[in-house]
J.: 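Mind looking over this structure? Questions follow.
Along the sequence shown, the residues carry numbers beginning at 1.
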Amino acid sequence: MNIGFKEDMIKEFKSDQKKLGDEELIEAVVAFANTDGGLIILGVADDGVIEGVKKPQQRIKEFIDTANNPS
């Protein structure tokens with residue numbers, strides 16, 4: 001199934017099927033923070049195919065832990 005729209009300057013898709021590097025996700029957040037904002041959609045491949053997110057609560061915790069890590 002396809003999400004029905006494409007990535008652009010304010011929408012970024014991030015697949016969870018490959019090991020999503022925390023740095024890659026943080027870079028996307030910082031890029032949007034340094035512009036007019038945007039939407040990062042986890043569980044969607046670059047071509048718009050919906051893949052889902054495995055263990056979403058764990059992914060949220062990992063992201064928060066990474067964002068709060070001063071190094």
Side-chain angles (χ1 to χ4, degrees):
M1 177 176 245
N2 194 290
I3 197 164
F5 52 89
K6 297 181 180 189
E7 290 181 301
D8 57 28
M9 296 297 290
I10 60 169
K11 291 186 290 294
E12 177 79 18
F13 301 152
K14 295 293 181 190
S15 174
D16 194 55
Q17 298 299 317
K18 61 180 180 159
K19 175 60 179 157
L20 179 61
D22 292 325
E23 288 182 22
E24 181 182 351
L25 185 55
I26 294 293
E27 286 177 12
V29 170
V30 169
F32 284 143
N34 288 328
T35 61
D36 291 329
L39 180 65
I40 299 171
I41 305 170
L42 295 177
V44 177
D46 287 339
D47 61 2
V49 173
I50 299 169
E51 299 174 338
V53 176
K54 295 179 183 176
K55 301 180 182 177
Q57 294 300 327
Q58 179 180 338
R59 293 296 293 138
I60 291 168
K61 182 183 181 322
E62 290 170 358
F63 176 75
I64 291 170
D65 290 347
T66 300
N68 288 323
N69 184 344
S71 64

J.: Report the distance from atom NZ of Lys6 to atom CZ of Phe13, rounding to the nearest 0.5 Å.
T.: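 So the gap between those two atoms works out to 10.0 Å.
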
J.: Give the cluster check for Ile40 versus Ile10: same hydrophobic cluster or not, with ILVMFWY residues linked at side-chain heavy-atom distances below 4.5 Å.
T.: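 No, it is not one cluster - the side chains of Ile40 and Ile10 are not joined through contacts under 4.5 Å.
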
J.: Would you say Leu42 and Ile50 are hydrophobically clustered, going by side-chain heavy atoms of ILVMFWY under 4.5 Å?
T.: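 In one cluster: no.
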
J.: Measuring from atom CZ of Phe32 to atom NZ of Lys11, what distance do you get when rounded to the nearest 0.5 angstrom?
T.: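 Answer rounded to 0.5 Å: 9.5 Å.
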
J.: Tell me whether Met9 is reachable from Leu39 by hopping between hydrophobic residues (I, L, V, M, F, W, Y) whose side-chain heavy atoms are closer than 4.5 Å.
T.: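 Leu39 and Met9: separate clusters.
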
J.: Quick one: pull up CD in Glu7 and CG in Asp47 and give me the separation to the nearest 0.5 Å.
T.: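 It comes to 9.5 Å.
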
J.: Does atom CG of Asp36 have more than 12 heavy-atom neighbours from other groups under 6.0 Å away?
T.: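 No - once you tally the heavy atoms of other residues, nucleotides and ligands closer than 6.0 Å, there are 12 at most.
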
J.: When hydrophobic residues are tied together by side-chain contacts of less than 4.5 Å, even through go-betweens, does Ile41 share a cluster with Met1?
T.: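 Yes: a chain of side-chain contacts under 4.5 Å links Ile41 to Met1.
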
J.: Show the nearest heavy-atom pair for residues Ala45 and Ser15, with the distance to one decimal.
T.: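 For Ala45 versus Ser15, the nearest heavy atoms are CA-CB, 4.2 Å.
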
J.: Kindly write out the residues that satisfy side-chain hydrogen bond (donor to acceptor under 3.5 Å, both in side chains) with Asp65, not counting sequence neighbours, or none if the list is empty.
T.: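 In terms of side-chain hydrogen bond (donor to acceptor under 3.5 Å, both in side chains), with neighbours along the sequence ignored, Asp65 is linked to Lys61.
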
